[in-house]
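In listed order, ligands and their atoms are each counted from 1. All values below were derived from every heavy atom in this structure, side-chain atoms included, with hydrogens, water molecules and symmetry-related copies excluded.
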Amino acid sequence: MSREDDRDRVFSRPLSEVRAFEFNETVAAVFRDMISRSVPGYSLLLRMIGLYAGIFVQPGSRVFDLGCSLGEASLVIADQVEAGACKIIAVDNSEAMIEKCRQHPVSPNSIEWRCEDIRQTRIGNASMVVLNLTLQFLPPDERLPLLRNIFEGINPGGILVLSEKVEFADATESGRMQQLYAGFKKTMGYSDMEISQKRNALENVLVPDTEQQHLQRLQTLGFGEIYQCFRGFNFVSYLAIKV
Ligand code: GEK
């Protein structure tokens with residue numbers, strides 16, 4: 001496939017009907033380009049995940065990458081930990097995504113690619129769990145139960161990495177961040193029509209929480225240290241440590 005074929009053009013033509021966004025084959029084929037141009041700081045988020053892996057992954061433990069898409073976070077983690085030191089379980093319920101992960105030219109033995117709903121994944125002996133831009137796709141009332149399952153499966157000293165698009169309670173801040181985020185996407189080469197059609201497709205599919213909701217949930221669960229290590233416009237990433 002040429003670089004041009006990898007370019008995200010999913011919403012570049014006027015659509016008579018904008019359907020709900022799906023992680024199907026069309027999206028999987030261009031996903032690397034789509035996420036890199038849509039999430040401010042995406043490559044930095046991956047670097048941070050690699051950095052955390054070097055510090056927090058415990059020998060003999062397991063690492064979970066939940067909603068792994070094309071497995072970028074798992075590949076970065078595998079690069080940071082010694083071969084055989086831990087098992088990385090990369091989970092996504094999109095067959096198209098997992099199929100592409102399995103075809104990856106360098107798929108280390110330490111990674112198990114799993115096509116599964118993350119609500120069914122049994123978490124245990126985990127020193128690191130990654131939810132990099134995934135929780136926002138779960139129905140809101142299923143987020144706390146998933147996070148509780150994760151918290152209970154994390155070893156003392158282990159971590160959760162939670163990156164999300166966020167909403168703002170304050171109307172001025174909300175409007176400003178939407179304006180800046182649309183401006184960011186334009187700098188990344190998306191047209192006004194692409195931005196607006198994608199926004200419509202994600203309506204009710206990606207439902208963001210506020211920063212307060214995220215922090216409150218992580219505190220309620222009992223994470224002893226919670227740090228917001230990244231914010232770019234309306235995207236944040238937390239490092240939560242189970243002490
Ligand atoms: C990255 N983490 O590149 N079970 C399993 N997978 C799910 C579920 C579910 N219930 N719901 C959504 N997904 C990645 C990027 S993308 C973020 C994550 C984005 C999967 C979905 O199929 C998709 O691959 C991923 O979560 C979200 O570091 O597209 O904004």
Side-chain angles (χ1 to χ4, degrees), residues 6 8 10-11 20-53 63-80 88-102 104 111-123 128-147 149-150 160-167 181 184-185 188 190 195 198-199 201-209 230 232-238:
D6 294 345
D8 168 23
V10 175
F11 295 98
F21 188 83
E22 277 179 42
F23 292 97
N24 55 23
E25 255 176 69
T26 310
V27 167
V30 297
F31 188 73
R32 197 162 284 116
D33 179 64
M34 176 184 279
I35 196 157
S36 312
R37 290 199 290 132
S38 302
V39 175
Y42 176 70
S43 63
L44 175 60
L45 289 172
L46 291 178
R47 277 171 173 268
M48 289 166 72
I49 287 168
L51 168 72
Y52 302 150
V63 172
F64 292 85
D65 178 9
L66 302 177
C68 65
S69 297
L70 298 181
E72 298 292 345
S74 291
L75 292 166
V76 168
I77 295 165
D79 227 34
Q80 284 301 313
I88 302 167
I89 297 153
V91 185
D92 205 289
N93 65 352
S94 158
E95 277 181 26
M97 293 288 190
I98 291 294
E99 198 42 50
K100 285 187 81 71
C101 290
R102 293 197 172 118
H104 198 281
I111 306 181
E112 176 190 334
W113 305 112
R114 248 192 226 176
C115 190
E116 179 177 272
D117 192 306
I118 57 171
R119 289 165 290 186
Q120 310 303 321
T121 305
R122 286 169 61 96
I123 312 285
M128 179 168 186
V129 178
V130 177
L131 276 172
N132 198 35
L133 306 157
T134 303
L135 191 69
Q136 58 200 10
F137 291 103
L138 243 55
D141 60 346
E142 296 188 38
R143 295 176 188 181
L144 183 59
L146 176 82
L147 289 170
N149 178 34
I150 290 172
L160 166 68
V161 184
L162 175 65
S163 312
E164 291 271 290
K165 186 178 190 182
V166 289
E167 181 47 72
Y181 180 50
F184 165 79
K185 289 193 75 167
M188 298 306 268
Y190 286 113
I195 295 168
K198 172 109 183 263
R199 193 190 301 122
L202 283 172
E203 189 85 25
N204 301 320
V205 175
L206 189 172
V207 180
D209 288 320
F230 171 86
F233 306 121
N234 47 351
F235 286 80
V236 298
S237 187
Y238 299 99

Atom CD of Glu25 and atom CE of Met97: how far apart are they, to the nearest 0.5 Å?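 Glu25 CD to Met97 CE: 11.0 Å, rounded to 0.5 Å.
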Looking at CG of Leu44 and CD1 of Ile49, how far apart are the two atoms once the value is rounded to the nearest 0.5 Å?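 Rounded to the nearest 0.5 Å, the CG-CD1 separation comes to 10.0 Å.
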[atom]: the protein heavy-atom neighbour that sits closest, reported with distance to 0.1 Å:
| atom | result |
| --- | --- |
| atom 10 (N) of ligand 1 | Asp117 OD1, 3.1 Å |
| atom 25 (C) of ligand 1 | Ser69 OG, 3.5 Å |
| atom 22 (O) of ligand 1 | Asp92 OD1, 2.6 Å |
| atom 14 (C) of ligand 1 | Gly67 O, 3.4 Å |
| atom 28 (O) of ligand 1 | Asn132 ND2, 2.9 Å |
| atom 17 (C) of ligand 1 | Leu133 O, 3.1 Å |

Set out, in order, the CA-CA distance, both residues' side-chain angles and the distance that settles side-chain contact (heavy atoms from CB on, under 4.5 Å) for Phe31 and Phe23, then state yes or no. CA-CA 9 Å; Phe31 188 73; Phe23 292 97; 3.9 Å; yes
Quick one, Val161 with Met128, criterion side-chain contact (heavy atoms from CB on, under 4.5 Å). Give me CA distance, side-chain angles, the key distance, then yes/no. CA-CA 8 Å; Val161 184; Met128 179 168 186; 4.0 Å; yes
Between [X] (side chain) and [Y] (backbone), is there a donor-acceptor pair under 3.5 Å?
| X | Y | result |
| --- | --- | --- |
| Asp8 | Asp33 | no |
| Gln136 | Leu133 | yes |
| Tyr190 | Phe184 | no |
| Asp92 | Cys68 | yes |
| Arg114 | Ile89 | no |
| Asn149 | Thr121 | yes |

List every atom of ligand 1 that sits less than 4.0 Å from any heavy atom of [X], numbering the atoms from 1 in the order shown and giving each element.
| X | result |
| --- | --- |
| Ser94 | 22 (O) |
| Phe31 | 16 (S), 29 (O) |
| Leu138 | 10 (N) |
| Glu116 | 4 (N), 5 (C) |
| Phe137 | 12 (C), 17 (C), 19 (C), 27 (C), 30 (O) |
| Gln136 | 30 (O) |
| Phe23 | 21 (C), 22 (O), 23 (C), 24 (O), 27 (C), 29 (O) |

Under a heavy-atom criterion of less than 4.0 Å, does Lys165 contact ligand 1?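 No heavy atom of Lys165 comes that close to ligand 1.
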Consider ligand 1: state whether an atom of it lies below 4.0 angstrom from any non-hydrogen atom of Met34.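 Under 4.0 Å: no for Met34.
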Can you check whether [X] has an N/O within less than 3.5 Å of an N/O in ligand 1?
| X | answer |
| --- | --- |
| Tyr42 | yes |
| Ile118 | yes |
| Asp65 | no |

Within reach of ligand 1, part of Ile35 (heavy-atom separation under 4.0 Å):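 Ile35 to ligand 1: side-chain contact only, backbone stays beyond 4.0 Å.
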Give a yes/no verdict on a cation-pi contact between Lys198 and Phe11, requiring under 6.0 Å between NZ or CZ and the six-membered ring centre and an angle within 45° of the axis.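 No - Lys198 does not lie over the ring of Phe11 by the 6.0 Å and 45° rule.
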From Val91, Val130, Ile88, Val63, residue fulfilling side-chain contact (heavy atoms from CB on, under 4.5 Å) relative to Ser74: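 Going through the options one by one, the only one that passes is Ile88.
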Would you tell me which option among Asn93, Leu70, Val76 has the nearest heavy-atom contact to atom 7 (C) of ligand 1?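 Looking at heavy atoms only, Asn93 sits closest to atom 7 (C) of ligand 1.
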